[in-house]
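Notes for the one structure printed next.
No experiment lies behind these values; they were computed from the predicted model shown. Just so you know, residue 1 is the first one in the sequence shown, and it goes up from there.
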Amino acid sequence: LMSGHSSSMGKSKEEPGVDPTKPNDHPILKLDTLKDSLLIMERAVTHNVYQPKQALYRNLPIIPDSERPAPSIPGLDIHSPHLEKLWSYSCAATRSRSVTAIALNPANSDIVAVGYGGFSARTQGLGYICCWSLKNPESPERVYHAPSGVTSLSFSQIHPNLLARCLVQALGSSLASELDCEGATGWREV
């Protein structure tokens with residue numbers, strides 16, 4: 001027996017808890033490898049959810065899943081022409097905004113850039129450009145903030161990673177600039 005020794009079982013040092021209302025700046029959360037791994041995992045989960053609809057879109061066979069029945073439309077005659085909504089590109093940041101421009105990437109038809117904002121300087125607020133991918137229709141791959149509404153978008157035919165934008169300015173004029181969609185930090189005025 002050890003006398004004078006107190007047991008520390010059942011007691012732990014108090015560690016500071018994580019406050020969900022404050023940003024967590026733990027160094028591991030800033031690692032690019034973690035962000036890349038989370039992106040891949042998110043795509044895998046999304047693929048599991050959207051695989052039947054993406055297969056319909058590509059005219060590919062649907063992979064059977066014992067836990068999920070094959071998609072069917074009640075009362076639909078498969079011999080008559082019809083359209084079925086497969087998905088929509090939307091997220092919290094874009095739900096209340098008007099779509100003002102759309103551009104398809106010429107090198108990868110799975111990528112679409114969508115501009116948000118208004119067409120007149122009087123109804124203008126901040127604009128957004130979201131680059132969506134078929135790999136994840138629930139969340140844009142990239143989101144760019146613009147000082148005003150986006151009126152036009154176009155991918156470069158020669159360098160498809162470049163996206164040109166046109167914005168509404170205070171007097172209704174336009175401002176054109178381009179963005180390197182491969183991860184540039186800002187816009188270059190043209």
Side-chain angles (χ1 to χ4, degrees), residues 32-119 123-146 148-157 159-168 178-184 187:
D32 287 336
T33 54
L34 176 66
K35 292 176 186 175
D36 292 342
S37 296
L38 289 174
L39 178 65
I40 291 168
M41 188 170 203
E42 180 182 34
R43 283 183 180 169
V45 169
T46 303
H47 175 74
N48 288 341
V49 172
Y50 283 98
Q51 192 281 329
K53 292 182 177 193
Q54 289 174 344
L56 283 172
Y57 173 74
R58 294 270 188 226
N59 201 23
L60 297 171
I62 297 171
I63 299 171
D65 184 354
S66 61
E67 297 176 16
R68 177 179 51 210
S72 65
I73 303 171
L76 177 69
D77 176 13
I78 61 169
H79 300 292
S80 66
H82 65 279
L83 292 175
E84 178 185 351
K85 180 179 178 180
L86 299 176
W87 63 82
S88 61
Y89 293 117
S90 71
C91 65
T94 63
R95 279 200 185 95
S96 63
R97 302 194 176 274
S98 299
V99 172
T100 56
I102 298 175
L104 295 174
N105 189 296
N108 184 347
S109 61
D110 289 351
I111 297 174
V112 61
V114 180
Y116 300 90
F119 287 109
T123 61
Q124 232 9 268
L126 292 178
Y128 287 98
I129 298 171
C130 294
C131 292
W132 297 91
S133 172
L134 185 63
K135 294 176 183 174
N136 186 358
E138 293 184 358
S139 178
E141 294 288 314
R142 304 225 190 296
V143 177
Y144 302 101
H145 300 275
S148 61
V150 179
T151 59
S152 180
L153 292 171
S154 182
F155 281 100
S156 169
Q157 296 293 318
H159 302 287
N161 63 313
L162 294 178
L163 177 66
R165 70 174 183 176
C166 190
L167 305 175
V168 173
E178 65 184 27
L179 173 67
D180 181 347
C181 291
E182 293 290 322
W187 294 93

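Nearest heavy-atom pair, F155 versus I111, reported as atom, atom and distance to 0.1 Å: CZ-CG2, 4.3 Å. Nearest heavy-atom pair, K85 versus K53, reported as atom, atom and distance to 0.1 Å: O-NZ, 4.0 Å. Closest approach of A55 and I62 over heavy atoms only: CB-CG1, 4.0 Å. Across every non-hydrogen atom of T94 and S90, the tightest pair is OG1-CA, 3.7 Å. Scanning all heavy atoms of the two residues, the minimum distance from H145 to R165 falls at O-NH1, 4.4 Å.
For E42, the salt bridge (charged side-chain N to carboxylate O under 4.0 Å, His left out) test picks out no residue, with sequence neighbours left out. Residues forming a side chain to side chain donor-acceptor pair (under 3.5 Å) with D110 (at least two apart in sequence, or on another chain): R58. Applying the salt bridge (charged side-chain N to carboxylate O under 4.0 Å, His left out) rule to R95 yields no partners; only residues at least two apart in sequence or on another chain are considered.
A 4.5 Å side-chain heavy-atom check between W87 and L134 finds at least one atom pair inside the cut-off. Here the side chains of N136 and E141 are in contact, with some heavy-atom distance below 4.5 Å. Proximity of S139 to C91: side-chain heavy atoms (C-beta onward) are nowhere separated by under 4.5 Å. The shortest side-chain heavy-atom distance between P137 and T46 falls under the 4.5 Å cut-off. Y116 places a side-chain heavy atom less than 4.5 Å from the side chain of V99.
Note: L153 CG to L163 CG = 5.0 Å, rounded to the nearest 0.5 Å. Distance check: S133 OG to N108 CG gives 7.0 Å after rounding to the nearest 0.5 Å. Summarising the geometry, atom CG belonging to L34 is positioned 11.0 Å from atom CG belonging to L39; distances are rounded to the nearest 0.5 Å. Distance check: S156 OG to N105 CG gives 9.5 Å after rounding to the nearest 0.5 Å.
L167 pairs in a side chain to side chain contact (heavy atoms under 4.5 Å, CB included) with only one of the listed residues (V150, I129, T151), which is V150.
Ring planes of Y89 and W132: tilted class, angle from 30 to 60°.
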